[in-house]
Amino acid sequence: MTTPLDLAKATLLDKPGLNDSAINKVMDRLLSRQIDAADLYFQYSRLESWILDDGIIKEGNHNIEQGAGLRAISGEKTGFAYTDELSTNALLDAASAARAIAHHQQDSHFGLKSQRDAKALYPAINPLDTLSESQKLDLMKKLDALARTEDPRVKQVTVSMVAAHDTVLVINEQGEMAGDVRPLVRMNVSVIVEQNGRREQASCGGGARTSLEFFLNEDKAEGYAKEAVRQALVNLEAVDAPAGMIPVVLGPGWPGVLLHEAVGHGLEGDFNRKGTSAFSGRIGEQVASPLVTVVDDGTLDGRRGSLSVDDEGNPSQNTVLIENGILKGYMQDKMNARLMGMPTTGNGRRESYAHLPMPRMTNTYMLAGESDPAEIIASVDKGLYAVNFGGGQVDITSGKFVFSANEAYLIENGKITKPVKGATLIGNGPESMTQISMVGNDLKLDNGVGVCGKDGQSVPVGVGQPTLKIDQMTVGGTAA
Amino acid sequence: MSHSLESLQNVVANLLDEAKQQGASQAEAAVHAQSGLDVGVRLGEIETIERTSDHGLGVTVYFGQRKGSASTTDLTPNAIKETVEAACRIAKYTSEDPASGLADAEKMAASIPDLDLNHHWSVSADEAAEIALRCEAAAREADTRISNSEGASTHTQATAYVYANSHGFVGGYPATRHSLSCSVIAGTGDQMQRDYWYSSSRLAEKLDSAESVGLKAAERAIARLNSRKIKTTKCPVLFSAEMAGGLMRGLFGAMRGSAIYRDASFLGGKVNEQLFPDWVNIAEQPHLLQALGSAPFDNEGVATTDKKLIDAGRLTTYLLDSYSARKLKMTTTGHAGGVRNPIIQSTGQSRDELLKEMGTGLYITELMGQGSNTVTGDYSRGAAGFWIENGEIAYPVEEITVAGNLQQMFQDLEAVATDNDIPSSYNTGSWLIKQMTVAGN
């Protein structure tokens with residue numbers, strides 16, 4: 001059977017003519033100084049995107065990126081160089097640049113020793129070819145027509161489709177080799193509606209590490225079109241959001257972006273090694289309500305944030321971050337794990353060969369609790385029920401985080417009443433986690449749309465949570 | 001640099017030839033090569049030395065009024081051929097679009113002025129580290145309350161860029177950019193506050209001194225210590241110069257042709273209308289020598305020129321590329337790629353004088369999250385800064401939000417200070433807005 005690693009070797013070593021002796025030469029150059037750890041990361045990516053806008057297939061783009069990144073680590077110091085040319089000479093030059101981080105000479109006799117095969121969490125396919133061009137465009141046109149017929153107030157529709165085929169290979173200083181073939185597909189429908197001169201926008205989409213057929217199954221893509229229209233129409237009726245501290249009930253699924261911002265980033269190993277996170281040095285402490293258990297799970301089949309192996313060649317894991325409110329662990333890449341004397345958790349990720357790996361999230365979510373979601377809403381006298389969000393941001397040092405509600409409602413006397421306009425919610429991560437007083441039994445993961453940015457590097461991630469109640473949170477509306 | 005301007009010009013010439021051979025009626029291509037060095041230090045030691053080297057080319061082909069695009073990081077002849085093939089294949093499937101095509105030939109920049117953007121810095125990794133170490137040391141030694149550091153870094157890059165199209169336009173220029181930054185932490189435990197500062201320039205010798213960047217990072221972090229929440233209120237708000245640049249971005253985002261023709265902007269149909277008080281003038285100066293935002297031509301080869309964007313408070317224009325211009329039955333304004341070096345005229349007061357004018361209110365120095373809606377103008381963002389009483393800073397505040405609507409905020413602009421000292425291509429001082437909703441306790 002051809003494994004993802006076999007495919008990666010064929011694409012990234014055999015095709016450009018890099019044999020074992022070339023790799024040995026490059027690694028010996030990289031390791032000829034006093035280096036604790038080093039790796040070669042090869043990547044070949046193809047990405048195709050289509051945009052339907054204003055009723056026509058307006059744009060298509062095809063992108064190819066390839067290259068190799070070379071990293072040499074000595075203690076806490078990292079030397080890094082990369083090349084977009086996969087030749088022995090270009091790699092040797094990059095190795096000379098990367099090893100300059102260390103000065104003392106040492107002998108190196110590098111040889112490839114082992115191959116790491118990991119359980120594949122997604123098929124090693126090229127998703128660009130999983131639908132014909134006419135199938136792709138027909139689907140997009142169908143969504144455009146569907147959104148427009150859904151309601152006469154729909155004035156504008158934009159549909160996008162992206163398929164990426166990413167092949168990576170990592171070789172480390174131990175002579176271990178790992179590889180992965182990562183498909184990723186994503187669709188989005190965005191609409192503008194108008195009524196009596198008032199315009200509102202909403203969008204809905206999804207994706208996964210799989211074939212483009214994903215969007216045809218169970219009328220998934222059609223659901224995005226209907227949902228985008230529904231949300232935009234709700235916003236047409238929205239009144240000014242409240243301003244001030246009130247109880248907030250978050251719906252299941254994508255609102256889990258709360259966890260990503262409020263606790264996720266603060267539990268990444270690099271910040272905690274450096275002592276710059278609000279969660280630094282707090283393992284074993286109660287950092288959240290006892291109802292709260294949060295995991296980072298890169299092992300879910302086919303999810304957007306999942307990885308069979310991370311960008312350092314380690315299989316991804318299901319890591320418990322917070323269990324019953326107690327801080328259990330951090331997300332680690334190899335360097336930070338080694339320096340903190342902790343095991344790596346398979347969270348070493350990088351945007352591309354041209355970027356250094358860092359500890360990053362995969363799929364971060366809260367486990368289900370016991371409350372009935374209806375009961376949670378009924379428990380609130382006056383508050384906000386927020387079911388859909390845009391992005392968020394966190395200052396991991398002060399713990400302050402924000403996320404922006406796109407669809408939210410007032411709760412009055414235990415009942416959902418009027419929709420309110422989009423508003424930013426702000427809180428303090430550790431504090432908000434202790435304010436969670438009810439957790440629903442309805443855990444849901446998001447549709448596969450998340451992108452996480454850190455130090456200028458973007459990677460795909462997933463989030464999820466059950467319905468939950470935060471006793472007090474600041475809601476940034478205009479109705480003071 | 002591994003690729004000279006001439007070699008990039010050859011690459012685009014080959015690209016356009018290849019596109020013609022494959023049957024394209026029109027084509028355009030852009031190619032760049034970048035190389036640089038990034039050195040980071042932390043707690044007095046070198047942390048990373050990163051050599052950067054990127055190439056990229058993008059091509060768009062037109063078959064009549066259908067178009068296709070492709071891009072790659074590989075500049076070899078084989079890759080060029082495959083990339084053009086990929087773009088041509090895409091163009092088989094896109095729709096006939098009456099608005100598509102190159103910008104009109106007569107709009108191409110006739111001459112390409114030298115804007116003095118290229119000042120190579122031959123700094124070694126050791127020298128770059130020495131500068132960053134001085135920067136971080138200045139921050140750490142500034143005050144005993146500086147407890148930790150995220151480090152300091154020195155960065156330099158040199159880029160060569162060429163754009164060409166089948167009108168026969170070929171334009172290119174080299175440009176450099178250097179920067180120095182520092183981020184430190186004040187306080188300990190659950191009282192930690194982080195802040196940063198930086199300097200950025202086309203010329204290494206115009207960077208602020210390492211010591212002053214470090215010192216300012218430290219001052220900013222310390223000023224945040226003991227931040228508190230405030231009660232929910234409506235009050236005047238002063239946006240620091242750095243944050244005011246974001247309000248200008250909100251304005252330009254709503255002026256973009258692509259938002260206008262899609263009816264996705266609160267500025268649709270508002271050209272010639274009074275958006276701001278009549279003392280407000282916003283202009284752009286794309287040919288400023290040595291400036292961070294300067295460019296002799298836009299992303300379609302169209303000449304960039306000095307323009308008034310807001311004249312005596314009135315909106316004078318949308319920001320159009322050739323596509324959105326055709327959709328709106330207008331002509332391109334040379335804004336493919338955005339606004340370059342925008343500047344808003346100050347009303348002459350210093351920041352401290354504006355704090356006095358404000359009396360009691362909120363001075364915002366940090367904003368978090370997206371929260372700015374181009375369709376409606378609705379604005380709601382997380383904020384931090386200082387509470388002002390009797391025209392003086394009373395105490396730092398955090399974990400609050402500030403909300404309003406951009407249209408109303410523009411109308412409520414009361415003054416722009418003279419403190420336009422931000423290392424950005426956006427030239428603005430602090431903005432005083434009459435009233436906004438601040439949510440806290």
Side-chain angles (χ1 to χ4, degrees), chain A residues 53-54 56-67 76-84 94 97 100-101 133 137 155-156 192 194 199-201 243-245 274-276 278 354 356 390-393 395 397-398 400 402-404 421-424 426-428 430 474-478 480, chain B residues 42 45-55 67-74 79 82-83 86-87 89-91 93-95 97 125 148 150 185 190 192-194 229 232-234 262-264 368-371 373 375-376 378 380-382 384 398-404 437 439-441:
Chain A
D53 183 43
D54 220 13
I56 58 174
I57 304 291
K58 191 169 281 182
E59 287 179 30
N61 189 46
H62 186 271
N63 177 259
I64 295 179
E65 270 184 48
Q66 65 162 35
E76 296 190 32
K77 297 179 165 61
T78 301
F80 181 59
Y82 57 90
T83 168
D84 42 32
I101 194 73
E133 306 310 335
L137 305 183
K155 296 297 170 201
Q156 190 59 266
I192 291 175
E194 188 178 39
R199 279 191 305 277
E200 294 286 348
Q201 181 170 37
M245 283 246 266
K274 297 175 182 177
T276 58
L356 275 169
Q393 190 185 333
D395 174 338
T397 302
S398 69
K400 303 298 173 286
V402 295
F403 56 142
S404 324
K421 281 188 185 179
T424 290
I426 190 163
N428 174 313
T474 298
V475 177
T478 54
Chain B
R42 180 171 176 266
E45 302 276 350
I46 293 177
E47 191 173 46
T48 54
I49 298 178
E50 210 174 320
R51 294 273 170 195
T52 65
S53 158
D54 296 286
H55 305 103
K67 77 166 180 178
S69 302
S71 53
T72 178
T73 52
D74 186 351
E82 284 173 20
T83 305
R89 188 185 63 81
I90 297 264
Y93 300 101
T94 50
S95 309
D97 185 347
N148 200 346
E150 291 193 315
I185 289 165
D190 59 5
M192 287 195 295
Q193 294 286 349
R194 182 197 66 95
K229 280 186 95 137
T232 300
T233 183
K234 286 184 195 281
R262 301 182 68 252
D263 244 342
M368 290 178 84
Q370 290 79 39
N373 184 332
V375 178
T376 59
D378 288 335
S380 167
R381 299 187 70 188
E398 65 177 3
E399 208 184 325
I400 55 172
T401 62
V402 58
T437 305
N441 284 328

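Computed from heavy atoms alone, side chains included, the values below leave out hydrogens, waters and symmetry copies. The sequence lines fix the lettering, A, B, ..., with proteins before strands; numbering per chain opens at 1.
Considering all non-hydrogen atoms of both residues, I46(B) and K77(A) come closest at O-CG, 3.0 Å. When every heavy atom of G476(A) is checked against every heavy atom of S380(B), the shortest pair comes out as O-OG, 2.7 Å. Between Q370(B) and G392(A), the closest heavy-atom pair is OE1-N, 3.8 Å. V475(A) and A439(B) make their closest contact through O-CB, 3.3 Å (heavy atoms, listed as atom of the first residue, atom of the second, distance). Considering every non-hydrogen atom in both E399(B) and T474(A), the closest pair reads O-OG1, 4.3 Å. Pairing each heavy atom of K67(B) with each of K58(A), the nearest pair is CE-O, 3.8 Å.
The contact between T232(B) and chain A is made entirely by side chain atoms (from C-beta outward), counting heavy-atom distances below 4.5 Å. Residue S404(A) touches chain B through its side chain alone, counting heavy-atom pairs closer than 4.5 Å. For chain A, the nearby parts of A264(B) are the backbone and the side chain; heavy atoms of each come within less than 4.5 Å. With a 4.5 angstrom heavy-atom cutoff, A423(A) touches chain B via backbone and side-chain atoms both.
Rounded to the nearest 0.5 Å, atoms CG (D54(B)) and CD (E65(A)) are 9.0 Å apart. In this structure, CD on E50(B) lies 9.5 Å from OG1 on T78(A), to the nearest 0.5 angstrom. Between the NE2 atom of H55(B) and the CG atom of D84(A) there is a distance of 5.5 Å, given to the nearest 0.5 Å. A distance of 14.5 Å separates OG1 in T83(A) from CZ in R51(B), rounded to the nearest 0.5 Å. Here the straight-line distance linking atom CD1 of I426(A) with atom CD of E398(B) works out to 8.0 Å at 0.5 Å rounding.
Between chain A and the options I49(B), T72(B), T48(B), heavy-atom pairs under 4.5 Å are most frequent for I49(B). The greatest number of non-hydrogen atom pairs below 4.5 Å with chain A, out of R89(B), E45(B), E82(B), is found for R89(B). Options D190(B), T437(B), N441(B) differ in how many heavy-atom pairs under 4.5 Å they form with chain A, and the most are formed by T437(B). The choice from D97(B), V402(B), T83(B) that makes the most heavy-atom pairs within less than 4.5 Å of chain A is D97(B). Chain B forms the most heavy-atom pairs under 4.5 Å with one residue out of E59(A), E194(A), E133(A), and that residue is E133(A). Counting heavy-atom pairs closer than 4.5 Å to chain B, the top-ranked of the candidates V402(A), N63(A), I57(A), I56(A) is I57(A). Most heavy-atom pairs under 4.5 Å with chain B: of the set G391(A), G427(A), A354(A), G79(A), this distinction falls to G427(A). Contact count against chain A (heavy-atom pairs under 4.5 Å) is highest for N148(B) among T233(B), D74(B), N148(B). Considering only heavy-atom pairs separated by less than 4.5 Å from chain A, the leading option among R194(B), R381(B), M368(B) is M368(B).
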Going through the distances and angles, do T376(B) and K421(A) end up as a side-chain contact (heavy atoms from CB on, under 4.5 Å)?
CA-CA 10 Å; T376(B) 59; K421(A) 281 188 185 179; over 6 Å; no
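Considering only heavy atoms from C-beta on, D263(B) stays 4.5 Å or farther from Q156(A) through its side chain. Residues R42(B) and K274(A) are in side-chain contact: their nearest non-hydrogen atoms beyond the backbone lie under 4.5 Å apart. Taking 4.5 Å as the limit, every side-chain heavy atom of R262(B) sits out of range of all side-chain heavy atoms of D54(A).
Between the side chain of Y82(A) and the main chain of T52(B), no donor-acceptor pair closer than 3.5 Å is present. The closest donor-acceptor contact from the side chain of K400(A) to the backbone of I400(B) lies at 3.5 Å or more, if one exists at all. T73(B) places a side-chain N or O within 3.5 Å of a backbone atom of Q66(A) that can act as its donor or acceptor partner.
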